Amino acid sequence: MSPFYCSILLLSLLPHLPTAQDQPAHSRFEYKYSFKRPHVTLPDGTLPFWDKYGDAIASPDEVRLVPSLKLHSGSMWTIHNASFPHWEVEVSFRIAGHGRQGAEGLALWYTKEPGRLGPVYGSADFWDGVGIIFDTYDKDHKDNNPAILIVGNNGELSYDHASDGSSQALGSCMYDFRNTIRPFRAKIRYYRRTLRVSVFKGLSPSNDVFELCAEVQNMVIPSSGYFGISAATGIIADDHDVLSFLTYSLSRTWQESPVSQIPDSEKEKFEKEFEEFQKELDKNIQDFQKEHPKQDDDAFESEGQRELDMILGGQNRVLEELKVLKGRLSMTVEEQKRFRVNLSGSAANETTTVKKEQVEDKLKDAVNGIRELLVKVQELKGNIVKVAEKAKDLHPSPSSNFTEDFSMIKKNLQSLVKTSGSTHNLPCPTSTDHSSCLTSGIFITFLLLQIICSVFYLLFSKKDCGTKKVY
């Protein structure tokens, strides 16, 4: 093919290609015209913003328009009227049943008045709007089902059941949406008099890839209407379940969005409120200026003055630190003076301190000697206790052992006498304070008395042992 024919072909296709102006820039989710699993119904079982008719049954996960029963129909319609001119609906449903051929089918509606119940797939005939029909029953026996059809009506035409609506369809495509593994998804968009139906085939990993099924241009529908979805069964029964119905309002700019359009009454009200607020603001500004008159520029400090203030503040902090340091130095000088006075006083009393140190040394020696005597006495007491324990276990004639223990006691006494003699030679320190000194004579007298008492105790314990053996 020559380049000339290629260029002519491209030019012929340009009018049919979508431009950037045809694509909406703003999309707003309309919750009052939508529902989605798993919260289709409220906890009390009601379906918010929607009305059910016929055999429709709502549950938290789905809405069953028609159960698998013959000659049944059901529908559901929005309560509020949709006032946005451009919209997009994404619906997810499942049609399942036994057999190769399906029941009547399912239809999605946008009409001027709600259809409720009727002979056209569960909705009323002679509707004013558009219906997207998902037909599953082949009445004309042309093997052109399942099919998706776009049928418009101005309220004066009756639906042609004999031809499955093919004679009235503005656009259609064949697609098998019955008994699918996953729920079937379709997207219907009406924007700038163009109605486009797209289906999701599920062949792409992306979750938002739809393929065009049918498109109708220059289509005029009511500027406001009700959304609905209905289904019906004939001599064959299928389950018709709707899992989600998501509605979006479309606009190319924010100014075209229905949210930005304010009624004239509310606009006048807002303008009056704005004028009152502006007057009050001007009055408050004038009152503030009167209470706080504007000062001259000289009253405000310059950058040079600000830097000088920072330098002055730093010098003041340095001066305060120097004052603190001066106070600490004066305290150290006073401490040195006090220390010198104490040293001079200690040099004058050096002789008296030496004598006191000698007396303290002698007292320490005497105390140490007394401690040693106490230790010896404790050892002697322990030996006496051991002798008493041995005397209890002796036989009737333990003279040899008794003499040995007595000689050991004698040796211990002699050693004590020697130690006491060595301690007796130490002179008692002379001190002006009232203190007592223990002499060796008193200590030896006390020791002899203790020995006599211990000997009497041993003799008495020996007699007791003898009496016990008699008995």
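Scope of the values below: all heavy atoms of this structure, side chains included, with no hydrogens, waters or symmetry mates. The structure displayed is predicted, hence computed values, not measured ones.
Minimum heavy-atom separation, His72 to Lys70: ND1-O, 2.6 Å. Of all the heavy atoms in Ser83 and Ser224, the pair that sits closest is CA-CB, 4.1 Å. Here the closest non-hydrogen pair linking Ser330 and Gly327 is OG-O, 2.5 Å. Considering every non-hydrogen atom in both Pro222 and Gly129, the closest pair reads CD-CA, 3.9 Å. Across Tyr121 and Ala107, no two heavy atoms sit closer than the pair CB-CB, 4.0 Å. Heavy atoms only, all atoms of each residue included: Glu156 and Asn154 are closest at N-OD1, 3.2 Å.
Atom NZ in Lys112 sits 6.0 Å away from atom CG in Asp128 (nearest 0.5 Å). A distance of 13.5 Å separates CG of Leu322 from CZ of Arg317, quoted to the nearest 0.5 Å. From Thr46, atom OG1 reaches atom CG of Asp51 across 11.0 Å, with rounding to the nearest 0.5 Å. Within the model, atoms CD of Gln168 and OG of Ser158 stand 7.5 Å from one another, a figure rounded to the nearest 0.5 Å. Distance check, rounded to the nearest 0.5 Å: OG of Ser198 to CZ of Arg189 gives 8.0 Å. How far OH of Tyr191 is from CD of Glu88: 12.0 Å, rounded to the nearest 0.5 Å.
For the side chain to side chain donor-acceptor pair (under 3.5 Å) with Asp238, the qualifying choice from Gln101, Arg178, Arg94 is Arg178, the only one to do so. Remark: of the listed residues Phe93, Phe210, Phe200, Phe93 is the sole one forming a ring pair (Phe, Tyr, Trp, His ring centres under 6.0 Å) with Phe184. Partner of Tyr110 under the side-chain contact (heavy atoms from CB on, under 4.5 Å) criterion, chosen from Ile221, Ile132, Thr247: Ile221.
Between the Ser123 side chain and the Val120 main chain, no donor and acceptor come within less than 3.5 Å of each other. When atom types are taken as modelled, the side chain of Ser92 and the backbone of Pro183 share no donor-acceptor pair closer than 3.5 angstrom. Side chain of Asp135 to main chain of Pro146: no donor-acceptor pair is present (N/O by atom type, distance under 3.5 Å, no hydrogens or angles).
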Assess the residue pair Ile188 and Trp87 against the criterion (side chain to side chain contact (heavy atoms under 4.5 Å, CB included)); give the C-alpha distance rounded to whole Å, side-chain angles, the decisive distance to 0.1 Å, and a yes or no. CA-CA 8 Å; Ile188 300 94; Trp87 46 265; 3.8 Å; yes
Using ring-ring contact (aromatic ring centres under 6.0 Å, His included), reason through Phe35 and Phe49 one step at a time and then give a plain yes or no. CA-CA 9 Å; Phe35 62 86; Phe49 308 113; over 10 Å; no
Determine, stepwise, if the pair Glu62 / Arg37 fulfils salt bridge (Lys or Arg N to Asp or Glu O under 4.0 Å). CA-CA 6 Å; Glu62 61 189 16; Arg37 61 186 307 185; 5.9 Å; no
Test side chain to side chain donor-acceptor pair (under 3.5 Å) on Glu334 and Gln336; report intermediate values, then the result. CA-CA 5 Å; Glu334 291 178 358; Gln336 288 180 357; over 6 Å; no
If you apply the rule side chain to side chain contact (heavy atoms under 4.5 Å, CB included), what do you find for Leu106 with Ile229, and how did you get there? CA-CA 7 Å; Leu106 180 145; Ile229 187 167; 4.0 Å; yes
Hey, mind stepping through Leu246 and Lys36 against side chain to side chain contact (heavy atoms under 4.5 Å, CB included) and telling me if it holds? CA-CA 7 Å; Leu246 307 178; Lys36 184 180 180 181; 4.0 Å; yes
Does His240 form a side chain to side chain contact (heavy atoms under 4.5 Å, CB included) with Thr233? I'd like the steps, not just the answer. CA-CA 9 Å; His240 297 74; Thr233 59; 3.9 Å; yes
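Annotation: side chain of Ile235 is in contact with side chain of Tyr137 (closest heavy-atom distance under 4.5 Å). For the pair Ile133/Ile148, no side-chain contact is recorded, criterion being any heavy-atom separation below 4.5 Å from C-beta on. Counting heavy atoms from C-beta on, the side chains of Asn144 and Asp138 come closer than 4.5 Å. Between Val130 and Val151, the closest side-chain pair of non-hydrogen atoms is not below 4.5 Å. By the 4.5 Å heavy-atom criterion applied to side chains, Asp55 and Pro67 are counted as neighbours. When side chains are defined from C-beta on, Met219 counts as touching Val216, because their heavy atoms get closer than 4.5 Å. Looking at Lys269 and Glu273, their side chains come closer than 4.5 Å, going by heavy atoms from C-beta outward. The shortest distance between side-chain heavy atoms of Glu30 and Tyr248 does not fall below 4.5 Å.
Proximity of the aromatic rings of Phe177 and Phe134 is defined here by a centroid distance below 6.0 angstrom, and this criterion is met. Here the two rings, on Phe245 and Tyr33, have centers that are 6.0 Å apart or farther. Aromatic ring centroids of Tyr159 and Phe126 lie 6.0 Å or more apart. Between Tyr226 and Trp109, the distance from one ring center to the other does not fall under 6.0 angstrom.
Side-chain contact annotation: Glu276 with Gln278, donor-acceptor N/O pair under 3.5 Å absent.
More than 12 heavy atoms of other residues, nucleotides or ligands sit less than 6.0 Å from atom CZ of Phe29. Counting non-hydrogen atoms of neighbouring residues, nucleotides and ligands closer than 6.0 angstrom, the NE2 atom of His80 exceeds 12 such neighbours. Counting heavy atoms of neighbouring residues, nucleotides and ligands inside a 6.0 Å radius, atom NZ of Lys139 exceeds 12 of them.
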